[in-house]
Protein chains: 2
Amino acid sequence: MISSSKLNQYWTDIYFHLHYPHGEKITHQVVRILQLIDKKDRVVVNDVATHLEISHNTASEHVKRMINKNYIEKKRDQNDERKVILQLTDFGKNVLHENTSLDEEKLNHIFSDMDEVEKELISKAFKLLSERAKSCM
Amino acid sequence: MISSSKLNQYWTDIYFHLHYPHGEKITHQVVRILQLIDKKDRVVVNDVATHLEISHNTASEHVKRMINKNYIEKKRDQNDERKVILQLTDFGKNVLHENTSLDEEKLNHIFSDMDEVEKELISKAFKLLSERAKSCM
DNA sequence: TCTTTCATATCGTATGATAAGATATAATCT
DNA sequence: AGATTATATCTTATCATACGATATGAAAGA
């Protein structure tokens, strides 16, 4: 058995010890927008507003600032030219990665000290939880 | 086998789908400081400065603001009265939890649809990775 | 004891982020 | 044509972030 709070203990410990060093100065709101664009298909400005629960004009300003920083790009929807589809730039993907992922050098180092059984355990568990998380919605 | 980038795919998918709804407006820097105080023993103001790579006066101001928001408390070091030890308040623990942990209601829901073998798999894998992460430093 | 160093706090100042209301523009729908 | 939708811009306000300069009080060294 496992409790949710125990899992969160493991979860936060893993992130604290394995996250990337803090580089780019970036705000929480901006990370959330990057995550949204990364994980969802065809995100438009209004999706940003509803997801963050902010007004559409504030969302539009976030987008403007993020384009100026070269985190994202705009593309007009072909079916409906009013809509603006947001996409991550390579730089934006990188910023998102460094702010939400685990440091892959550290991970590789940990994996190199594991046997195949342990690696298989980790792989299966994370795959399982991520699949259930996606279908949970 | 598992690659680090595949694990990060799972990791970020899990967080995107299972995080708490965005409540308190909070900045990235403040979350980092909360994490530091939560995970390390006897954190003083200077630790905040070196950990975030900011000047000591800026760190001191972060601390002041966070105390005003009732996220943390100060306590003087008994051995060295110059030092100020930082501690999370219950409210601060809660804010940190909602900004870095997985939503325990959603987790419970997922676990309720799993059999014992699957739950054991998740438990063992997260325990293993968190232990290796800690000793990796 | 006197001086220096250390740990933190405060003040002044500057910049940028965040947010919303009001208004504008351009595309789409009826 | 007129209404609606999606986004953008302008104005204004507040707060966060950051640092240099300076101050205070505790600890360590001569």
Side-chain angles (χ1 to χ4, degrees), chain A residues 21-37 40-87 91-92 95-96 99, chain B residues 21-37 40-87 91-92 95-96 99:
Chain A
H22 306 314
E24 283 269 314
K25 258 154 212 152
I26 192 169
T27 69
H28 225 194
Q29 295 289 68
V30 171
V31 172
R32 286 165 178 165
I33 297 170
L34 290 174
Q35 285 174 317
L36 180 68
I37 297 172
K40 287 227 179 187
D41 248 13
R42 297 174 47 81
V43 172
V44 297
V45 177
N46 227 332
D47 297 333
V48 173
T50 54
H51 191 252
L52 298 206
E53 293 175 344
I54 55 180
S55 72
H56 53 96
N57 39 16
T58 302
S60 179
E61 302 213 51
H62 272 296
V63 166
K64 188 167 63 175
R65 276 193 301 270
M66 291 171 74
I67 288 170
N68 285 339
K69 288 183 172 174
N70 192 31
Y71 291 169
I72 59 176
E73 286 170 340
K74 285 201 246 192
K75 204 183 73 182
R76 287 280 165 182
D77 189 324
Q78 307 225 333
N79 301 343
D80 184 343
E81 290 273 334
R82 291 170 305 179
K83 292 188 183 171
V84 168
I85 299 180
L86 306 175
Q87 290 175 310
F91 179 60
V95 169
L96 175 62
N99 279 283
Chain B
H22 307 315
E24 283 269 313
K25 256 155 213 150
I26 190 167
T27 67
H28 225 196
Q29 295 289 70
V30 170
V31 173
R32 285 166 178 164
I33 296 170
L34 290 173
Q35 284 175 317
L36 180 69
I37 296 172
K40 285 228 181 188
D41 249 13
R42 298 173 48 76
V43 172
V44 297
V45 177
N46 227 332
D47 297 332
V48 173
T50 55
H51 190 253
L52 298 207
E53 294 175 341
I54 53 179
S55 72
H56 54 97
N57 40 17
T58 302
S60 179
E61 302 208 58
H62 272 295
V63 166
K64 188 168 64 175
R65 275 193 301 269
M66 290 170 75
I67 288 170
N68 285 339
K69 287 184 173 172
N70 192 31
Y71 291 170
I72 58 176
E73 286 170 341
K74 285 201 245 191
K75 207 182 69 181
R76 288 278 165 184
D77 188 325
Q78 306 224 333
N79 301 344
D80 184 343
E81 290 273 333
R82 290 172 303 180
K83 291 186 182 172
V84 168
I85 298 179
L86 305 176
Q87 291 175 310
F91 179 60
V95 170
L96 176 60
N99 279 282

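Atom-to-atom, CE of Met66(B) to P of dA18(D) comes out at 13 Å; the value is rounded to the nearest Å. Across the protein-nucleic acid pair, Lys64(A) atom NZ and dA24(C) atom P stand 17 Å apart, rounded to whole Å. Residue Leu34(B) contributes atom CG, which lies 15 Å from atom C1' of dA16(D) at whole-angstrom precision. As rounded to whole Å, 11 Å separates atom C1' of dA7(C) from atom NZ of Lys74(B). Rounded to whole Å, the distance from NE2 on His22(B) to C1' on dA19(C) is 17 Å. Here dT10(C) presents its P atom at 10 Å from CG of Asn68(B), a figure rounded to the nearest Å. Note: CD1 (Ile33(A)) to P (dT7(D)) measures 13 Å, nearest angstrom. Taking atom CG of Asn46(A) as the reference point, atom P of dA8(D) lies 11 Å away to the nearest angstrom.
Contact check for Ile54(A) versus His62(A): side-chain heavy atoms found under the 4.5 Å cut-off. Put simply, the side chain of Val84(B) does not reach to within 4.5 Å of the side chain of Val44(B), judged on heavy atoms.
OP1 or OP2 of dA9(C) has at least one side-chain nitrogen or oxygen of Ser60(B) nearer than 4.0 Å.
For Arg82(B), the salt bridge (charged side-chain N to carboxylate O under 4.0 Å, His left out) partners are Asp80(B), not counting sequence neighbours. A search for side-chain contact (heavy atoms from CB on, under 4.5 Å) contacts involving Lys69(B) returns Tyr71(B), not counting sequence neighbours. By the side chain to side chain donor-acceptor pair (under 3.5 Å) test, His22(A) is found to be paired with Arg32(B), residues two or more places apart in sequence or in another chain being considered. Remark: Thr58(B) engages Ser55(B) in a side chain to side chain donor-acceptor pair (under 3.5 Å) (not counting sequence neighbours). Every residue meeting the side-chain contact (heavy atoms from CB on, under 4.5 Å) condition with Thr27(A), not counting sequence neighbours, appears here in chain and number order: Gln29(A), Val30(A). Residues forming a side chain to side chain donor-acceptor pair (under 3.5 Å) with Arg76(A) (at least two apart in sequence, or on another chain): none.
In this structure, CG in Leu36(A) is found 11.0 Å from CG in Leu96(A), a value given to the nearest 0.5 Å.
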Please list, for nucleotides 21-23 of chain D, all pairs of protein and nucleotide N/O atoms separated by less than 3.5 Å.
| unit_1 | atom_1 | unit_2 | atom_2 | d |
| --- | --- | --- | --- | --- |
| dA21(D) | N6 | Asn57(B) | ND2 | 2.9 |

Under 3.5 Å, which N/O atoms of the protein pair with N/O atoms of nucleotides 15-18 of chain C?
| unit_1 | atom_1 | unit_2 | atom_2 | d |
| --- | --- | --- | --- | --- |
| dA17(C) | OP1 | Lys69(A) | NZ | 3.0 |
| dT18(C) | OP1 | Thr27(A) | OG1 | 2.4 |
| dT18(C) | OP2 | Arg65(A) | NH2 | 3.4 |

> Once each nucleotide of nucleotides 24-30 of chain D is scored for protein heavy atoms under 4.0 Å, what B/S/- sequence comes out, 5' to 3'?
Replying inline: -BBS---

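The residue Val63(A) sits apart from the nucleic acid: no heavy atom pair falls under 4.0 Å.
The side chain to side chain donor-acceptor pair (under 3.5 Å) pairs that include a residue from residues 40-52 of chain A are Arg42(A)-Asp77(A), where partners are two or more places apart or lie in different chains.
Smallest separation of non-hydrogen atoms from Val43(B) and Ile37(B): CG2-CA, 3.9 Å.
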